[in-house]
Amino acid sequence: MSDQIQDRKNKLDAVRALGVDPYGARFPGLTHNAAIRAAGEKLAIEPGQINESPQARFRAAGRLHLARDTGKLIFLTLRDWSGELQWALSKKAIEEASERRSGAVTTGGADVPPGPTALPGEAALPGEGALTGPTAFPGEAVFPPGAIAWQIAKTLDLGDIVAAEGRLGRTKTGELTLWVSHLTMLSKCLRPPPEKWHGLSDVELRYRKRYVDLLANPESQRQFILRAKIIDYIRGVLHARGFIEVETPVLQPIYGGAAARPFTTHHNTLDMELYLRISPELYLKRCLVGGLERVYEFARCFRNEGISPRHNPEFTMLELYQAYGDYHDMMEISEAIIAGAAREVIGSYRIATKRERATERRSDGATEGSDSTRNRGSDPSRGREGAGSSAHPDPSADARDSDDGSRGRSDASDALDFTPPWPRRRYAELFGEHVGLSIDDTAAVRARAAELHRRKQIGLDPSKADDAVVIGALFEHYVEPKLINPTFVIDYPAPLCPLTKRHPTDARFALRFECFVNGMEMGNAYSELNDPAVQRETLAAQLRGEGDETMAVMDEDFCEALEYAMPPAGGLGIGIDRLCMLLTGSPSIRDALLFPLQRAPG
RNA sequence: GAGGGUGUAGCUCAGCAGGUAGAGCAACGGCCUUUUAAGCCGUUGGUCGUGGGUUCGAGUCCCACCGCCCUCACCA
């Protein structure tokens, strides 16, 4: 077990004995693989040739993913977060090179401009490609003399992080290749990485050791880069509409804004019980009272509830509030955010559903299997998920393909269609449609619920619940799973909505919508209640309705805030983790979270 | 909380109806200057999640426990 680690430690010592620090320093002037490849395509290099022009000289770094050592010639496949690049190390060429301070040379990398929509790694980032003189930063990595560099090359292990300088060329087979003249090690990998072809597939290990998942599985990196881009996109939408980002307390003496059990904690110096927030709502509304007219927060929330493929104890919720708006404005913003992210980040209003993706994965697996036996290794472009030599620098490319519907995939009509506007359906109407009972027929509704409870299909015991709660349980059971394409469910039963304005013509309903996609709640919005007297009463009613499981208390300060007058407003909450699940086709929320909570290992 | 599934080498997986634990990758030694999951020759590596039990004999059967996954329930 530790044999391989010991072998690697021995090599670590060997590198040190050569006078090279195996945990190297700053490496300025590097160009990422995708940018090198893009530049290389423009150079029109013939197979078997190396381009000697200054534009073909690059400094590169990355993690060693594959190695093919043919003796005096070594091919390495390097990976960074933009993609892969093949390096070739010729014993003769490297041994002839002399020691070189790393930043002191001109390379082609400086000529690559960052694109406006560049991914991380797609183009030069600040501090990269910028050339620095040898004295500017004394702590730079130094390339050792060639003879030593070659010895280091011979000790490389998969997973090591290395740096090189070289010239672009193509091999006989046409593969764009950096012919390395200078090489050094930047960080020694002491543990063997997962299998090079299958990556890390054990789900438990992928969650517990996400760093291994990320370094071994490019599609995992893609997942989280996409998440970042989705969040960036949302910020852009909100800023364009004049919203400002604010931060409100996670540690709260009184929790509220949702019905959930909180985590509790304690502040030592103040000797005060505190709760981790279950929602930012009541603080964001205080901002409205104070005249911050359009605010939003990407709020990490914590709920001490069950864990499931769509629930994690901590999760990220976008909440935003717009003064002088109402829930109709929130519907429009929801569309702008969600459909916009689908189109701009993923590349299409149509997104493959989980089931489609599952099917796709299975068929891909079959293809892969037959390939490996039929024409094993004969087609380098037939990599796993684009992880091969043609690694695509744009992580959204995979999903974008789902738009053309011409790839023999399952029927495109199964895909989710985010094209706005989305249908607005009244709660009571949908209830009647799918439950088959009138929402007003209390007796029948209760009878149905009792029957479901007897059959253990719903947990709620209707004999112990208010009418509205029973209705809500039936709605969840019958209606929500049917809401596949994006749908706004509007006008909820008022008792379910303690923070919402009543409908002006029918006080039984509240000006609230929830947005459902693929049977999952994605968003929740109100025309916010701003009458302090009504607010105080509905909160009190909600508190009375709570069982003894929660210990919520009236938030007097919040009620007082409303007494200073809160403008009428629309408020919206969107589950960011779930949105990412949806847009990236992830079946579990854990796939949308970098480090999902796992039980402590025994 | 209930039910189902799962746990074998660093990784990906085989392991038949109980009969001394296997492959590929990785690693180690050797050969190779155009490889593409490089190839060839040789070699190392496992308290089969943990603990009990049945049996002459348990990775395999039984029980308990632990982790993970799924379904349901709980949960705006």
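So you know, we letter chains A, B, ... as the sequences are listed, proteins then strands, and number each from 1.
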Strictly under 3.5 Å: I want the nitrogen or oxygen pairs between protein and nucleotides 12-14 of chain B, one per line.
residue, atom, partner, partner atom, Å
B:U12, OP1, A:S201, N, 3.0
B:U12, OP1, A:S201, OG, 3.4
B:U12, OP1, A:D202, N, 2.9
B:U12, O3', A:S201, OG, 3.1

Study note, to complete from the structure: Side-chain contact check for A:R590: nearest option of B:A27, B:G67, B:C70 is B:C70
Review point. Checking only heavy atoms, does the side chain of A:Q86 share a donor-acceptor pair with the base of B:U35 at less than 3.5 Å?
Key: yes
Practice item. State whether A:F509 and A:R426 meet the cation-pi test: NZ (Lys) or CZ (Arg) under 6.0 Å from the six-membered ring centroid, and within 45° of the perpendicular axis. Key: yes
Exercise for review: Name the closest nucleotide to the A:D7 side chain, picking from B:C28, B:A76, B:U44.
Suggested key: B:C28
Point to revise | Residue list, salt bridge (charged side-chain N to carboxylate O under 4.0 Å, His left out) with A:K209, at least two apart or on another chain | key: none
Practice item. Return yes if the base of B:U35 and the side-chain atoms of A:T70 contain a donor-acceptor N/O pair under 3.5 Å, otherwise no. Key: no
Check your understanding: With A:E281, which residues qualify under salt bridge (charged side-chain N to carboxylate O under 4.0 Å, His left out), at least two apart?
Key -> A:K285
Review point. Could you give the NZ-to-C1' distance, from A:K172 to B:U34, as a whole number of Å?
Key: 5 Å
Exercise for review: Take atom P in B:G18 and the same atom in B:G57, then report the distance between them in whole Å.
Suggested key: 16 Å
Revision key, fill the gap. Per atom distances to the A:S90 side chain, the nearest of B:G67, B:U33, B:C75 is B:U33
Exercise for review: Could you tell me the separation between the OH atom of A:Y207 and the CZ atom of A:F595, rounded to the nearest 0.5 Å?
Suggested key: 13.5 Å
Review point. Between A:Y296 and A:F298, how do the two ring planes meet: parallel, tilted or perpendicular, split at 30° and 60°?
Key: perpendicular
Point to revise | Any donor-acceptor N/O pair, A:D213 side chain to A:A216 backbone, under 3.5 Å | key: no
Check your understanding: When you compare B:C28 with B:A38, how far apart are their P atoms, in angstrom units rounded to a whole number?
Key -> 15 Å
**Study point:** Closest to side chain of A:A259, choosing from B:G45, B:C28, B:A76
**Key:** B:A76
Review point. Could you state the CG-P distance from A:L215 to B:G10, rounded to the nearest angstrom?
Key: 18 Å
Point to revise | Nearest-angstrom distance from the residue atom CG of A:L76 to P of B:U35 | key: 15 Å
Check your understanding: So which nucleotide from B:U34, B:C68, B:C75 ends up closest to the side chain of A:L73?
Key -> B:U34
Point to revise | Selection from B:C69, B:A38, B:C28 that lies nearest to any side-chain heavy atom of A:K196 | key: B:A38
